[in-house]
Amino acid sequence: DAGVTQSPTHLIKTRGQHVTLRCSPISGHKSVSWYQQVLGQGPQFIFQYYEKEERGRGNFPDRFSARQFPNYSSELNVNALLLGDSALYLCASRTKLAGPNTGELFFGEGSRLTVL
Amino acid sequence: GQNIDQPTEMTATEGAIVQINCTYQTSGFNGLFWYQQHAGEAPTFLSYNVLDGLEEKGRFSSFLSRSKGYSYLLLKELQMKDSASYLCAVRSLPNFGNEKLTFGTGTRLTIIP
């Protein structure tokens, strides 16, 4: 079975440009979350989507936006790129919304963005 | 706010046992996760604790004390492939269905022969 897939795996942009990152969750998973991981740090929560609705947002500027499609895939968009946006962007999926008995969040391999 | 602390780096010997500690301060606590992340790869799930006590899974065990805001990951019979970063993450549920994992900076574990 395919895991969480992300594209592109690596990309280089310059300051001020825009980037779109894509994620396909595991088949049957309806919840998708995005995390930013700067080198040497733990992942930081950006967004969570479920059934095409935003369910959570982390402390990121409005330059960051996302959406979820009817097939549960998702896009993360970042406008006006800054050098500090260079990071590994991780997408994670789970079967349903979190509850007291849910556990594992499945991560994709990530999209490594370098901003020059 | 939320704060998670774990050691930055640890070194242990192949075949030995190592314990990685994690302390946290958070509101709306709803579970603590441990993930393993090899360099350049995605985090992979190791364990999940929501109640106090020890959860054992093969060579890996995780402990939680909610009253102390403390968890540890115990790795036994260490193998060279266990060299990786170990991420402690706390889940909060401020609103039903709104899930957020807050990660620590990770502990880089190096196994030496």
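Not measured: the values here are computed from a predicted model. In what follows, every chain begins at residue 1, and chains take the letters A, B, ... in the order their sequences are listed.
Nearest heavy atoms, A:Glu109 versus B:Glu41: OE1-CA, 3.7 Å.
Within 6.0 Å of the CG atom in A:Asn71, the count of heavy atoms belonging to other residues, nucleotides or ligands exceeds 12. Counting non-hydrogen atoms of neighbouring residues, nucleotides and ligands closer than 6.0 angstrom, the CZ atom of A:Arg15 reaches no more than 12 such neighbours.
When each of B:Gly106, B:Gly31, B:Gly104, B:Pro43 is scored by its heavy-atom pairs under 4.5 Å with chain A, the top score falls to B:Pro43. Comparing B:Leu101, B:Thr102, B:Leu87 by how many heavy-atom pairs each has under 4.5 Å with chain A, the most go to B:Leu101. Interface check for chain A: of the options B:Ala42, B:Ala89, B:Ser47, the most heavy-atom pairs under 4.5 Å are formed by B:Ala42. Looking only at heavy-atom pairs under 4.5 Å with chain B, the residue among A:Arg112, A:Gln37, A:Gln44 that has the most is A:Gln37.
Neither the backbone nor the side chain of B:Gln6 comes within less than 4.5 Å of any heavy atom in chain A.
Linking ILVMFWY residues whenever their side-chain heavy atoms come closer than 4.5 Å, directly or via other members, leaves B:Leu51 and B:Tyr72 in distinct clusters. Hydrophobic clustering of Ile, Leu, Val, Met, Phe, Trp and Tyr side chains at less than 4.5 Å, counting indirect connections, keeps A:Val19 apart from A:Phe69. Cluster annotation: A:Leu90 and A:Phe106 are assigned to distinct hydrophobic clusters (Ile/Leu/Val/Met/Phe/Trp/Tyr, side-chain heavy-atom contacts under 4.5 Å, transitive).
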